[in-house]
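Predicted model, so just to flag it, every value in this text is computed and none were measured. One is the number of the first residue; the rest follow in order along the sequence.
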Amino acid sequence: MGDFTDDFYTMSCPGCEAEVTIAVGDYGCYAAIRDWDQGDIERRSLRPAPAEELRDPGRWMHATAGWDGQQRLAEGIRYVFGRAECPACASVFNIAETHTAANLPPALEAY
């Protein structure tokens with residue numbers, strides 16, 4: 001995770017599997033379909049998690065950033081642990097959970 005000045009994450013929508021770009025930073029906080037020629041199109045504003053509703057590890061990260069006076073980081077964490085609307089199918093999904101599920105290592109087989 002960066003400092004949220006210009007962070008972008010790419011993930012598949014759990015509803016339709018469209019490739020969705022999540023932006024958090026100076027250019028805005030949104031979900032979009034990225035087009036090679038046109039940039040981020042079909043933007044949808046992200047829905048940040050209310051600070052009081054964050055669960056760990058987001059709650060811990062948000063609190064630590066706040067204690068350290070890193071308000072930009074604390075605010076970005078609310079977006080990363082919030083929800084996005086897919087521009088292609090309008091499904092709403094949890095950003096952190098979708099990103100985590102897509103990046104888990106393969107399960108080890110028991111021998």
Side-chain angles (χ1 to χ4, degrees):
M1 184 164 37
D3 61 1
F4 298 119
T5 55
D6 191 18
D7 287 21
F8 295 91
Y9 309 93
T10 302
M11 58 192 69
S12 293
C13 168
C16 70
E17 298 184 7
E19 187 173 285
V20 178
T21 298
I22 303 296
V24 179
D26 290 344
Y27 294 102
C29 298
Y30 60 86
I33 302 297
R34 184 160 278 185
D35 179 87
W36 181 261
D37 294 318
Q38 298 177 13
D40 292 339
I41 58 173
E42 302 290 329
R43 291 183 183 197
R44 304 289 186 271
S45 295
L46 298 182
R47 303 169 188 179
E52 62 276 1
E53 293 179 19
L54 285 169
R55 296 175 300 159
D56 283 332
R59 177 176 48 207
W60 175 83
M61 294 168 68
H62 184 266
T64 301
W67 293 327
D68 288 343
Q70 301 293 322
Q71 294 311 313
R72 172 183 240 154
L73 184 59
E75 188 66 14
I77 289 166
R78 290 184 52 230
Y79 281 97
V80 170
F81 284 89
R83 305 181 78 66
E85 178 182 342
C86 175
C89 73
S91 293
V92 177
F93 58 91
N94 182 291
I95 298 164
E97 289 175 6
T98 301
H99 188 270
T100 299
N103 290 286
L104 287 174
L108 297 175
E109 294 182 31
Y111 292 95

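- For R78 (side chain) and A49 (main-chain N/O), a donor-acceptor pair under 3.5 Å exists by modelled atom type.
- When side chains are defined from C-beta on, D40 counts as touching F8, because their heavy atoms get closer than 4.5 Å.
- No option in S91, S12, C13 other than C13 meets the side-chain contact (heavy atoms from CB on, under 4.5 Å) test with V20.
- Contact record, F81 with A96: CD2-CB, 3.7 Å, taken as the closest heavy-atom pair.
- Side-chain atoms of P48 and C29, non-hydrogen and from C-beta on, never get closer than 4.5 Å to each other.
- Atom CD of Q38 is separated from atom CD1 of I33 by 12.5 Å, given to the nearest 0.5 angstrom.
- In summary, R47 and E53 do not engage in a salt bridge, as defined by a charged side-chain N under 4.0 Å from a carboxylate O.
- Note on Y30 and M11: separate hydrophobic clusters, where clusters join Ile, Leu, Val, Met, Phe, Trp and Tyr whose side-chain heavy atoms are under 4.5 Å apart, directly or indirectly.
- Between L46 atom CG and E85 atom CD the span is 10.5 Å, to the nearest 0.5 Å.
- Taking CD1 of I95 as the reference point, atom OG1 of T100 lies at 11.5 Å (rounded to 0.5 Å).
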Q.
Working note: I22 + H99, criterion side chain to side chain contact (heavy atoms under 4.5 Å, CB included); need CA distance, chi angles, decisive distance, verdict.
A. CA-CA 10 Å; I22 303 296; H99 188 270; over 6 Å; no
What donor-acceptor contacts under 3.5 angstrom involve side-chain atoms of residues 57-70, with partners at least two apart or in another chain?
{"unit_1": "R59", "atom_1": "NH2", "unit_2": "D56", "atom_2": "OD2", "d": "3.4"}
{"unit_1": "T64", "atom_1": "OG1", "unit_2": "W60", "atom_2": "O", "d": "2.8"}

